[in-house]
There are 2 protein chains.
Amino acid sequence: MDFSQGVPEPTLRRLPTYCHFLRRLAQDGADVVSCRQIGDALHLDPTQIRKDLAYAGMAGRPKVGYPVPELLAGVENFLGWNNTQQAILVGAGSLGTALLGYKAMDRNGVRIVAAFDTSPDKTFQAIHQVKVLPMRKLVDLVGRMQIHVGILTVPAESAQTVCDLMVQAGIRAIWNFAPVALKVPDTVIVQNENLFSSLAVLSSRLQSTFQPRTLPEEDPS
Amino acid sequence: MDFSQGVPEPTLRRLPTYCHFLRRLAQDGADVVSCRQIGDALHLDPTQIRKDLAYAGMAGRPKVGYPVPELLAGVENFLGWNNTQQAILVGAGSLGTALLGYKAMDRNGVRIVAAFDTSPDKTFQAIHQVKVLPMRKLVDLVGRMQIHVGILTVPAESAQTVCDLMVQAGIRAIWNFAPVALKVPDTVIVQNENLFSSLAVLSSRLQSTFQPRTLPEEDPS
DNA sequence: TAGATTGTTAATCGATTAACAATC
DNA sequence: TAGATTGTTAATCGATTAACAATC
């Protein structure tokens with residue numbers, strides 16, 4: 001398996017899905033699983049799954065398959081879900097609040113240790129057990145706790161300003177929910193999460209089931 | 001431009017980003033824009049943008065560029081953002097609540113007209129001006145209002161059950177936030193939104209900046 | 001006109017899928 | 001052993017990028 005280019009992004013995106021499925025299998029007490037079984041459950045090609053698992057460093061045994069507990073542990077470990085990253089979140093609006101309430105986050109490699117907001121109505125309260133602090137505390141806290149991950153859930157207008165503050169504080173990876181292309185130094189990683197992109201795919205596919213897009217025709221003149 | 005295969009998904013995912021940028025340009029009063037400018041702002045290749053815009057049916061003028069208002073209107077129209085789809089949402093937990101509060105949704109082609117939840121604490125209240133109803137009202141309301149889009153924000157355990165109910169009610173496209181591969185008839189479209197996939201990409205890239213993944217070595221024995 | 005930008009065709013790149021040998 | 005499944009190499013497919021002609 002060639003690792004020189006790193007793990008392909010599509011592979012990385014599928015691995016968490018395998019984990020979710022394997023957790024259920026493990027709960028049901030399965031001890032081995034084949035790529036065929038995983039593929040049937042997740043509507044994916046077995047060969048692709050085998051390749052993805054190989055990227056994650058997991059090997060199976062011909063005729064037998066993969067041992068479920070080891071496979072799950074191995075993939076989780078590969079994804080870094082064992083040594084959880086600490087993170088801060090900026091923007092305690094409705095989306096920010098939702099992420100703070102996502103219990104599953106912990107089991108998926110990220111723990112939000114503090115939130116920040118400009119609104120005095122929100123600061124010094126706790127949302128889902130996470131303290132909300134005023135922005136002026138950000139740089140100090142990130143520095144002291146050596147936090148590397150920032151989650152950005154502020155409106156588009158303030159996204160770049162907050163981003164700059166995060167970078168200044170020492171944040172090295174930003175999970176960005178604002179529909180804006182952030183400018184960052186190239187030492188900082190930005191992962192954009194654009195819900196509307198996904199929605200666009202949905203509604204476009206829906207529209208084409210109603211009235212399939214017409215093919216361009218020859219000019220009849 | 002070949003439309004026989006439909007518009008590529010990556011193109012579809014980029015189009016909303018262009019809209020956001022074009023809206024800002026339009027507000028600033030720009031009347032034309034070149035692919036070069038868009039590309040610089042969004043960190044994308046100008047050729048790719050030109051191709052994407054052609055897929056959306058937009059033409060520019062050599063040396064001049066694209067007229068901003070027409071381009072914005074054209075792309076929004078292509079994405080179906082003018083005739084908004086009505087949708088229901090099931091699962092008024094923290095994520096569901098966040099989506100109900102997303103004002104921008106309206107401008108992005110979807111209006112949530114009702115929410116559903118099993119919990120009696122939530123039903124018959126309004127969250128962000130949207131009524132929350134008990135599940136038993138779902139089939140009737142979807143049928144009467146001829147709603148085609150369902151947003152699924154329930155826990156993984158109940159996702160398939162709720163999905164089945166949606167399908168039975170006549171929903172034709174499901175925006176699924178549960179980390180589960182739903183089984184649906186092939187007349188129904190499922191768009192999966194898995195936040196943890198995105199998070200996995202982020203943390204993997206972050207880890208590799210700390211300690212670049214080692215290449216497999218020859219066995220030294 | 002000259003230069004910039006679009007539109008389109010061709011080349012490249014990378015991911016998916018298929019084929020098949022190795023193995024339990 | 002025979003058959004199923006893994007592991008790996010080759011073929012295919014599709015998207016991105018490059019090259020270049022058309023045009024204002």
Side-chain angles (χ1 to χ4, degrees), chain A residues 1-15 17-18 22 25 30-68 70-71 74-75 197 200-201 204-205 216 219, chain B residues 1-15 17-18 22 25 30-68 70-71 74-75 197 200-201 204-205 215-216 218-219:
Chain A
M1 189 63 52
D2 174 26
F3 286 93
S4 58
Q5 300 297 312
V7 180
E9 185 165 321
T11 295
L12 234 29
R13 292 190 154 272
R14 282 186 295 265
L15 289 173
T17 315
Y18 302 155
L22 291 169
L25 273 189
D31 37 283
V32 288
V33 66
S34 70
C35 290
R36 176 74 170 279
Q37 285 174 272
I38 301 176
D40 286 347
L42 304 178
H43 315 126
L44 292 170
D45 183 76
T47 306
Q48 184 168 70
I49 293 168
R50 211 169 293 128
K51 222 161 192 180
D52 288 342
L53 296 178
Y55 269 118
M58 305 312 297
R61 283 163 53 193
K63 161 135 182 164
V64 180
Y66 299 78
V68 174
E70 285 87 338
L71 185 59
V75 177
S197 291
V201 177
S204 159
R205 288 203 275 160
D219 187 334
Chain B
M1 190 62 52
D2 172 28
F3 286 92
S4 57
Q5 301 296 313
V7 179
E9 184 165 321
T11 294
L12 232 29
R13 293 191 154 271
R14 282 187 296 266
L15 289 172
T17 316
Y18 303 156
L22 290 169
L25 274 188
D31 34 283
V32 288
V33 66
S34 69
C35 290
R36 176 76 170 279
Q37 286 173 271
I38 301 176
D40 286 347
L42 305 179
H43 316 127
L44 292 170
D45 183 74
T47 306
Q48 183 169 69
I49 293 167
R50 211 168 293 128
K51 221 159 193 180
D52 288 343
L53 295 178
Y55 269 118
M58 305 312 297
R61 283 164 52 194
K63 161 134 186 169
V64 181
Y66 299 79
V68 174
E70 284 88 337
L71 184 59
V75 177
S197 291
V201 177
S204 159
R205 287 203 275 159
L215 298 170
E218 294 298 308
D219 187 333

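None of the values given here were measured: they were computed from a predicted structure.
Each of A:P10 and B:C35 has a nearest nucleotide on DNA chain C; the 5'-most of these lies closest to B:C35.
Closest approach of B:C35 to B:P46, counting heavy atoms only: CB-O, 3.6 Å. Across every non-hydrogen atom of A:Y55 and A:P8, the tightest pair is CZ-CD, 3.5 Å.
Taken over five-pair windows at either terminus, the axes of the helix from C:dG3-D:dC24 to C:dC24-D:dG3 are inclined to one another by 0° (rounded to 10 degrees).
Look at CD1 on A:I38: it is 12 Å from C1' on D:dT6, rounded to the nearest Å. As a whole-Å value, the separation of B:D52 CG from C:dT6 C1' is 15 Å. The distance from atom OH of B:Y55 to atom C1' of C:dT6 is 17 Å, rounded to the nearest whole Å. In this structure, B:Q48 atom CD and C:dT12 atom P are separated by 19 Å, rounded to whole Å. Distance CG (A:L71) to P (D:dT5): 16 Å, rounded to an integer number of Å. One atom, CG of B:L12, and another, C1' of D:dA15, lie 14 Å apart when rounded to the nearest Å. Distance, A:L44 CG to C:dT16 P: 10 Å, rounded to whole Å. Whole-Å rounding puts the A:E9 CD to D:dA15 P distance at 16 Å.
Partners of A:E70 by salt bridge (Lys or Arg N to Asp or Glu O under 4.0 Å), not counting sequence neighbours: none found. For A:S197, the side chain to side chain donor-acceptor pair (under 3.5 Å) criterion is met by no residue, not counting sequence neighbours. Evaluation of the side chain to side chain donor-acceptor pair (under 3.5 Å) rule for B:Y18 yields B:D52 as partners, not counting sequence neighbours. Partners of A:R61 by salt bridge (Lys or Arg N to Asp or Glu O under 4.0 Å), not counting sequence neighbours: none found.
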Could you encode protein contacts along nucleotides 18-24 of chain D as a string, one character per nucleotide from 5' to 3', using B for base contact, S for sugar-phosphate-only contact and - for no contact, with a heavy-atom cut-off of under 4.0 Å?
-> B----BB
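Residues B:R14 and B:T11 form a side-chain contact, since some pair of their non-hydrogen atoms from C-beta on lies under 4.5 Å apart. At least one side-chain heavy atom of A:V75 sits under 4.5 Å from a side-chain heavy atom of A:L53.
A:R13 has no side-chain polar atom (N or O) that falls below the 4.0 Å cut-off from OP1 or OP2 of C:dA15.
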Could you walk me through whether A:D40 and A:R36 pass the side chain to side chain contact (heavy atoms under 4.5 Å, CB included) test, one step at a time?
-> CA-CA 6 Å; A:D40 286 347; A:R36 176 74 170 279; 4.1 Å; yes
